[in-house]
Amino acid sequence: MKLFVTGGAGFIGSNFIFYLLEKHPEDAVLCVDALTYAGNLETLAPVMQNPRFRFVKADIADRAAMYALFESEKPDVVVNFAAESHVDRSIENPSIFLQTNVMGTQVLLDACRKYGIQRYHQVSTDEVYGDLPLDRLDLFFTEQTPLHASSPYSASKASADLLCNAYFRTYGLPVTISRCSNNYGPYQFPEKLIPLMIANALADKPLPVYGEGLNVRDWLYVEDHCTAIDLILRKGKPGQVYNIGGHNERRNIDIVKTILAILGKPESLITHVADRKGHDQRYAIDPAFIHRELGWLPQTGFEDGIRKTVQWYLDNKPWWENIVNGEYQTYYERMYGNR
Ligand SMILES: NC(=O)c1ccc[n+]([C@@H]2O[C@H](COP(=O)([O-])OP(=O)(O)OC[C@H]3O[C@@H](n4cnc5c(N)ncnc54)[C@H](O)[C@@H]3O)[C@@H](O)[C@H]2O)c1
């Protein structure tokens, strides 16, 4: 099978490519990535020489470029990870989120229609469901939960999901969608909660926590997300949405304290900053459907996963130090400097 994987120089896409090339020796991957601030070609260094892997720098919203690639490469399957993915950046500047996440998805769907594929898979997020109240721990997102996005990021992802459903219903395009909870693991860009806190703690810098840090996120080790997508590609049903999560809800403040404890750093580094606008309170996935239909279950528990993740950031300092010391520093000052 030849897979057209977009956004593969980012966090989850790169982990997926590593997983896939290892797990399926008969498959080949064409990775298409625009290498925005979040894409890092260094991440893909371990597979660059692999004859079953090829990288092309291109924007998924560039119709001519996408059509040319589909025509020459004739992929069997498309997995779309490419997106603007950071909620805070979407609050600052929503436009690029609509351009990439919505228009880019449409271009890919059109290319799939024009050139034919066996499957188009859209990597979506639980954030399309909005949030749950902190005092109703009995509530979870199921595949039937109405879309109720809160941020420009989640609104753009929800729009893309609707478009995917429309292409399935209208044109019969074999589309699947997965909506996963928060991921953590190797190669995550250090603007996201877990790597940000690890990097700051290691530098003895303040750890900026929004508000009281009581917001709850449902965490999944990135490899478990990859196994779920792989299963959906091979055994999932076109037209179907699959929620992915491991019932691992944690308050942000507890995540930060866990990281400090692993690193042996003091909790006095925690600094509470003004809350994010429209901050979602709680995300919680009900993964019963994917378990029942496809037999998927997560393999990495949180205690194990967070230790492995911290160790990875300790072992791979040059990877994230290059980012933290570069252009990202200007953005960091803007976000946390005056809060
Ligand atoms: N990180 C999470 O916790 C999480 C959870 C659920 C779903 N998701 C979804 O998974 C996908 C991947 O997330 P991530 O955390 O790996 O994101 P990321 O920001 O680390 O990576 C995104 C990648 O997409 C590339 N990209 C951006 N715009 C592009 C464009 N126009 N054309 C081609 N490439 C482009 C970037 O260069 C980058 O390599 C996203 O669709 C996101 O919505 C993420």
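What you are looking at is a predicted structure, and each value in this text was computed from that prediction instead of being measured. Order of listing sets the numbers, starting from 1, for every ligand and every atom in it.
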Looking only at side chains, do [X] and [Y] share a donor and an acceptor under 3.5 Å apart?
X	Y	value
Tyr153	Asn101	no
Asp126	Ser181	no
Ser85	Lys192	yes

Centroid-centroid under 6.0 Å between Phe11 and Phe189 rings: no
For the pair [X] and [Y], name the ring-plane relationship: parallel under 30°, tilted 30 to 60°, perpendicular over 60°.
X	Y	result
Trp319	Tyr187	perpendicular
Phe4	Phe70	tilted
Tyr184	Trp219	perpendicular

Would [X] and [Y] pass as an ion pair if we require N to O under 4.0 Å?
X	Y	result
Arg234	Asp230	yes
Arg52	Asp27	no
Glu191	Arg89	yes

Number the atoms of ligand 1 from 1 as they appear, then name those within less than 4.0 Å of a heavy atom of [X], with their elements.
X	value
Leu35	37 (O)
Asn182	3 (O)
Ser181	5 (C), 6 (C)
Ser85	17 (O), 18 (P), 19 (O)
Ser124	6 (C), 7 (C)
Thr100	28 (N), 29 (C), 30 (C), 31 (N)
Tyr153	42 (C), 43 (O)

I need the contact type for Ala61 against ligand 1. Using non-hydrogen atoms and a strict under-4.0 Å cut-off, is it side chain, backbone, both or neither? neither
Answer side chain, backbone, both or neither: which part of Lys157 comes under 4.0 Å from ligand 1, heavy atoms only. side chain
For the CG atom of Leu214 and the CG atom of Asn252, what is their distance to the nearest 0.5 Å? 9.0 Å
Is [X] close to ligand 1, meaning an N/O of one under 3.5 Å from an N/O of the other?
X	answer
Ala34	yes
Thr36	yes
Glu84	no
Ala82	no
Asn80	no
Asp59	yes
Thr125	no
Phe11	yes

Please confirm whether [X] comes under 4.0 Å of ligand 1, counting heavy atoms of the residue only.
X	result
Asp33	yes
Gly8	no
Ala58	yes
Phe81	yes

Quick check on side chain to side chain contact (heavy atoms under 4.5 Å, CB included): which of Leu21, Leu30, Val78, Leu20 does Leu3 satisfy it with? Leu20
